[in-house]
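Sequence positions, counted from 1, serve as the residue numbers for this chain.
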Amino acid sequence: MQSAPRARLHVLSSDESDAAGATLVTAFMRDPVNAWFNKGRTQEEMRGRAEALFAQVLARLDNTVIALDDYSAASVWEYRTMEPEKRALEGPAARIEVTAFMAAVEALAPPLPYTYLAFLGAKESGKGSGSELLKRTLQLHKGKRVFLWTGTSRNATFYKRHGFHVYSECHVPGSSCWWMFSDVH
């Protein structure tokens with residue numbers, strides 16, 4: 001039996017960000033950390049916030065967005081050389097526990113500079129497109145140490161299967177964080 005041809009990697013231009021954004025929004029609507037961040041909000045409000053976040057992230061010129069050609073999976077990469085901008089968590093959106101969690105995440109971040117996998121998401125969970133995209137984009141970063149953080153043990157297990165190791169972790173009431181790294185060879 002012949003296997004299906006692999007989808008090609010695609011570095012997106014700014015005018016192609018809508019499809020990648022839609023993939024990332026779909027993925028993050030399933031994410032338990034997103035649900036925890038948005039506790040008390042409706043699905044419609046959560047989707048609107050995710051759409052706004054990814055529109056902002058994908059518009060940044062210093063981010064590299066890589067997707068499979070069919071947009072079944074998308075990723076956002078940064079090369080961090082200075083502290084990232086603090087995303088506003090003010091106003092009614094800023095629950096004390098979310099603010100404390102993000103402070104804990106930031107306190108555990110690795111020293112600069114590093115390559116950062118900011119987001120990885122797939123339209124459908126468990127179909128292999130996220131794994132395929134991760135494996136292939138890691139090869140683009142050979143010789144570099146790649147870092148990411150995740151807030152779910154399921155994602156931490158996923159990244160461990162792909163050669164990542166725990167760099168640091170924290171557990172606060174309601175959530176957890178794992179900073180992870182991979183030395184790409």
Side-chain angles (χ1 to χ4, degrees), residues 3-28 31 33-34 53-87 102 105-170 177-185:
S3 62
R6 292 184 346 174
R8 290 185 9 218
L9 286 180
H10 186 78
V11 178
L12 278 64
S13 62
S14 59
D15 62 333
E16 299 173 290
S17 63
D18 287 349
T23 296
L24 292 167
V25 167
T26 298
F28 280 81
D31 189 322
V33 174
N34 183 44
L53 167 68
F54 286 113
Q56 181 182 32
V57 166
L58 297 176
R60 289 187 54 182
L61 298 177
D62 56 343
N63 288 340
T64 301
V65 182
I66 303 174
L68 296 178
D69 265 356
D70 62 0
Y71 300 104
S72 59
S75 59
V76 179
W77 295 80
E78 299 173 13
Y79 182 67
R80 288 195 170 169
T81 58
M82 65 171 98
E83 292 300 320
E85 291 177 26
K86 304 282 188 243
R87 264 194 268 155
M102 290 310 299
V105 170
E106 291 171 15
L108 294 171
L112 296 168
Y114 57 89
T115 301
Y116 178 60
L117 174 54
F119 297 100
L120 172 70
K123 282 184 186 176
E124 296 183 66
S125 182
K127 301 290 184 187
S129 58
S131 289
E132 181 179 350
L133 179 60
L134 180 59
K135 280 187 251 184
R136 294 174 64 200
T137 53
L138 283 173
Q139 291 306 306
L140 298 174
H141 295 92
K142 277 188 177 181
K144 297 179 182 167
R145 180 169 272 194
V146 173
F147 284 91
L148 61 86
W149 76 266
T150 184
T152 67
S153 59
R154 180 178 181 211
N155 288 352
T157 299
F158 169 83
Y159 289 116
K160 285 177 184 176
R161 282 197 319 264
H162 291 282
F164 281 81
H165 308 278
V166 173
Y167 174 80
S168 59
E169 65 183 274
C170 74
C177 164
W178 294 266
W179 271 98
M180 303 182 80
F181 73 94
S182 177
D183 289 317
V184 185
H185 303 289

- [ ] Just jot down the side-chain contact (heavy atoms from CB on, under 4.5 Å) partners of Thr157, sequence neighbours excluded, or say none.
- [x] Arg161

Task: Close side-chain approach of Trp178 and Ser153, heavy atoms under 4.5 Å - done: yes

TODO: Just jot down the side-chain contact (heavy atoms from CB on, under 4.5 Å) partners of Tyr79, sequence neighbours excluded, or say none.
DONE: Thr81, Pro113, Thr115

Task: Shortest non-hydrogen separation from Val65 to Ala20 and the atoms involved - done: CG1-CB, 4.0 Å

Task: Closest heavy-atom pair and its distance - Phe158, Ser131 - done: CE1-OG, 3.2 Å

Open item on the list: Using side-chain heavy atoms (C-beta onward) and a distance below 4.5 Å, is Asn155 in contact with Asp31?
Closed with: yes

TODO: List the steps and the verdict of side chain to side chain contact (heavy atoms under 4.5 Å, CB included) for Lys160 and Val166.
DONE: CA-CA 8 Å; Lys160 285 177 184 176; Val166 173; 3.8 Å; yes

Open item on the list: If the condition is side-chain contact (heavy atoms from CB on, under 4.5 Å), which residues does Thr64 pass it with, not counting sequence neighbours?
Closed with: Val11, Ile66, Trp77

TODO: Please report the shortest heavy-atom distance between His162 and Leu138, naming the atom on each side.
DONE: O-CD1, 4.1 Å

Open item on the list: When you measure from the side chain of Ser168 to the backbone of Leu108, do you find a donor-acceptor pair of N or O atoms at a distance under 3.5 Å?
Closed with: yes

Please output the side-chain donor-acceptor pairs of residues 141-148 that fall under 3.5 Å, not counting sequence neighbours, one pair per line with the distance.
unit_1 : atom_1 : unit_2 : atom_2 : d
His141 : ND1    : Thr137 : O      : 2.8
Lys142 : NZ     : Gln139 : OE1    : 3.4
Arg145 : NE     : Asp183 : OD1    : 2.7
Arg145 : NH2    : Asp183 : OD1    : 3.4
Arg145 : NH2    : Asp183 : OD2    : 2.9

TODO: Using the side chain to side chain contact (heavy atoms under 4.5 Å, CB included) rule, take Thr152 and Val33 through it: C-alpha gap first, then chi angles, then the decisive distance, then the call.
DONE: CA-CA 7 Å; Thr152 67; Val33 174; 3.7 Å; yes

- [ ] Report yes or no: does Trp179 contribute a side-chain atom to a donor-acceptor pair with the main-chain N or O of Val105 at less than 3.5 Å?
- [x] yes

TODO: State, to 0.1 Å, how close Cys177 and Trp149 come at their nearest heavy-atom pair, and which atoms those are.
DONE: SG-CE3, 3.9 Å

- [ ] Report the residues that fulfil ring-ring contact (aromatic ring centres under 6.0 Å, His included) with Phe164, sequence neighbours left out, ordered by chain and then residue number.
- [x] Tyr159

Task: Nearest atoms (heavy-atom pairs only) where Ala109 meets Tyr114 - done: CB-OH, 4.3 Å

Open item on the list: Ignoring hydrogens, what is the shortest heavy-atom contact between Ser129 and Leu68? Give both atom names and the distance.
Closed with: O-CD1, 3.7 Å

TODO: Apply ring-ring contact (aromatic ring centres under 6.0 Å, His included) to Tyr71 and list each qualifying residue two or more places apart in sequence or on a separate chain.
DONE: none

TODO: Could you tell me how the ring of Phe28 sits relative to the ring of Phe119: parallel (under 30°), tilted (30 to 60°) or perpendicular (over 60°)?
DONE: perpendicular

